[in-house]
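Notes for the one structure printed next.
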Protein chains: 2
Amino acid sequence: MEVALAAVSGRWTTLILRELMHGPRSFGQLRVALPTLSAKVLSERLTKLVRHDLVECRRQKGFPSQVVYRLTTAGQLLRPLLIELYRTGDALLRQSRRLPD
Amino acid sequence: MEVALAAVSGRWTTLILRELMHGPRSFGQLRVALPTLSAKVLSERLTKLVRHDLVECRRQKGFPSQVVYRLTTAGQLLRPLLIELYRTGDALLRQSRRLPD
DNA sequence: CGGTATCCACGACGATACTG
DNA sequence: CAGTATCGTCGTGGATACCG
């Protein structure tokens with residue numbers, strides 16, 4: 001459990017993964033999709049995901065430079081978990097309004 | 001997703017919930033089950049879970065005082081999520097050994 | 001465009017001591 | 001037994017500036 005939680009925890013991580021579930025995305029595309037997230041934190045999250053082999057990145061040759069991130073096979077394993085997170089969150093909200101602090 | 005993640009995130013939270021999934025537990029029982037967790041943090045986590053209506057607590061009258069925590073109906077909703085966390089963590093470990101930093 | 005370096009602020013965590 | 005109070009420490013996130 002701690003392993004899976006470590007994989008998806010950290011603010012923004014689930015949102016980044018959600019974007020990548022829809023297909024490969026460049027650094028810039030992720031920034032646009034998550035505007036309130038600073039470049040530093042996005043970079044940190046992606047680095048961690050890459051270290052954990054959940055995401056891989058490809059540098060495109062040429063200028064301007066372009067780097068595309070995509071889920072690895074291991075990363076795809078997270079899909080059911082993300083769906084379950086969504087399902088559970090939804091169920092909690094339906095049952096009670098007290099969840100947000 | 002953020003709602004569900006907020007419910008289970010925080011170090012130790014999943015472990016506390018896991019204990020409570022097995023049935024009601026007193027503060028002391030939880031401390032024994034999670035020896036490396038300080039009373040302060042356990043208290044903080046339980047307070048938060050109670051605030052979120054995921055857990056409720058009952059004071060037993062008499063001495064020594066005894067307080068029992070148990071999952072609420074909403075808390076029970078988290079069971080599939082915890083199972084999925086376990087399942088996914090297991091799958092990740094099987095596929096790769098690089099997950100722990 | 002895609003990052004890293006630096007600095008700062010805040011919150012989380014642990015240890016210890018104390019209360020009802 | 002079941003907490004709360006206090007304190008020090010460390011990690012995390014944000015802003016800004018800069019590099020390849």
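In what follows, chains carry the letters A, B, and so on, assigned in the order in which the sequence lines appear, proteins first and then strands, with residues in each chain numbered from 1. All values derive from a computational prediction rather than experimental measurement. Values below: all heavy atoms of this structure, side chains included; hydrogens, waters and symmetry mates excluded.
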Do the side-chain N or O atoms of B/R45 get closer than 4.0 angstrom to the phosphate oxygens (OP1, OP2) of C/dC13? yes
Look only at the side chain of A/T72 and the backbone of A/D53, and say whether a donor-acceptor pair between them is shorter than 3.5 Å. yes
A/R31 side-chain N/O to C/dG3 phosphate OP1/OP2 under 4.0 Å: no
Whole-Å distance between D/dG13 P and A/L15 CG? 13 Å
DNA chain D nearest-nucleotide lookup for B/P64 and A/F63: closer to the 5′ end is B/P64
With a 4.0 Å cutoff (strictly under), does any side-chain N or O of A/S43 reach OP1 or OP2 of C/dT4? yes
Closest to the A/R11 side chain, choosing from D/dG13, D/dG3, C/dC13: D/dG13
If you check the A/L37 side chain, which of D/dC1, C/dG14, D/dG14 turns out closest? D/dG14
B/R31 side chain to B/L37 main-chain N or O, any donor-acceptor pair under 3.5 Å? yes
Taking the side chain of B/K40 as heavy atoms from C-beta outward, which of C/dA15, D/dA2, C/dA5 is closest to it? C/dA15
Comparing nearest nucleotides in DNA chain C, the 5'-proximal residue of the pair B/A39, B/E44 is B/E44
Test of understanding: clusters of I, L, V, M, F, W, Y form through side-chain heavy atoms closer than 4.5 Å, transitively. Do A/L71 and A/V67 belong to the same one? yes
Does the side chain of B/L46 come within less than 4.5 Å of B/F27's, by heavy atoms? yes
